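Structure first, then comments.
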Amino acid sequence: FECQVGVDEDCVLSESMTVSEDGTIEVQVAETASTSSEAQYGHYFVYTEEPTDFFSASRACYDQSGSIAVPMNQEEQVYLEGIMTGEVFVGVADYYEEGEFFTSTGNPLLYTNWGENQPDNMYMEEDDADFVVMTYDPENPDSHGKWMTKGSTTFWQHNAAYFCEF
């Protein structure tokens, strides 16, 4: 894998999306990415295992006409949990109004998978924005894939893997 013109500093390609004759979208987003080969409920997901901060992940997805993935139901949640190999960002935040979470696509937040005592607004004193991660703990089904909040101040230093959704 070599970086080429049109590639940002993390080797995320901005112009590398193809659509096959059967409608499968394939996107090369990073050296460690894998592409799902089938749609899940009308969505395609691309997993990037290389951890980065929330804003860089969001930009990488946006550059490819996607967004950070938000599971829309339990089936999508389970599908993503089966692919992830570490903690991942969820495209959910409350940075406009504390406690009012919304999706990165602007769609209403109709499904959640909050962990125990979440969202906890733990970082309210630091900053009023919270971003969401999906926990990685495959040995413990009670916590694996559960959503938890991280404060935005923390997110400048917090890195996680992510799914782009198309």
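As the structure is a computational prediction, the values presented were derived from the model and not from experiment.
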Once you round to the nearest 0.5 Å, how far does [atom1] of [X] lie from [atom2] of [Y]?
X	Y	atom1	atom2	value
Phe163	Cys61	CZ	SG	11.0 Å
Glu87	Met148	CD	CE	6.5 Å
Gln64	Arg59	CD	CZ	11.0 Å

Between [X] (side chain only) and [Y] (backbone N and O only), is there a donor and an acceptor less than 3.5 Å apart?
X	Y	result
Glu49	Thr85	no
Asp130	Asp94	no
Asp53	His158	no

Evaluate the criterion side chain to side chain contact (heavy atoms under 4.5 Å, CB included) for residue pair Trp147 and Gln77; output intermediate values, then yes/no. CA-CA 10 Å; Trp147 298 6; Gln77 176 73 34; 3.1 Å; yes

Quick one: closest heavy-atom pair of Glu81 and Asn113, and the distance? OE2-ND2, 3.8 Å

Could you go step by step and tell me if Phe45 and Ile83 meet the side chain to side chain contact (heavy atoms under 4.5 Å, CB included) rule? CA-CA 10 Å; Phe45 300 97; Ile83 296 171; 5.8 Å; no

Would you check if there is a donor-acceptor pair between the side chains of Ser104 and Tyr62 at a distance under 3.5 Å? no

Give the table of side-chain donor-acceptor pairs shorter than 3.5 Å for residues 131-138, with sequence neighbours excluded, one pair per line with atom names and distance.
residue, atom, partner, partner atom, Å
Thr135, OG1, Ser143, O, 2.5
Thr135, OG1, Lys146, N, 3.3
Thr135, OG1, Lys146, O, 3.2
Asp137, OD2, Ser143, OG, 2.8

Spell out, yes or no, whether [X] and [Y] are grouped together once hydrophobic residues are joined by side-chain heavy atoms under 4.5 Å, including indirect joins.
X	Y	answer
Leu80	Trp114	yes
Phe102	Phe55	yes
Tyr79	Tyr111	yes

Would you please indicate if the ring centroids of Phe89 and Phe54 are separated by under 6.0 Å? yes

Counting neighbours of CD on Gln74 that are heavy atoms of other residues, nucleotides or ligands and sit closer than 6.0 Å, is the number greater than 12? yes

Taking only residues two or more places apart in sequence, or in another chain, which ones meet Thr105 in a side chain to side chain donor-acceptor pair (under 3.5 Å)? Thr103, Asn107

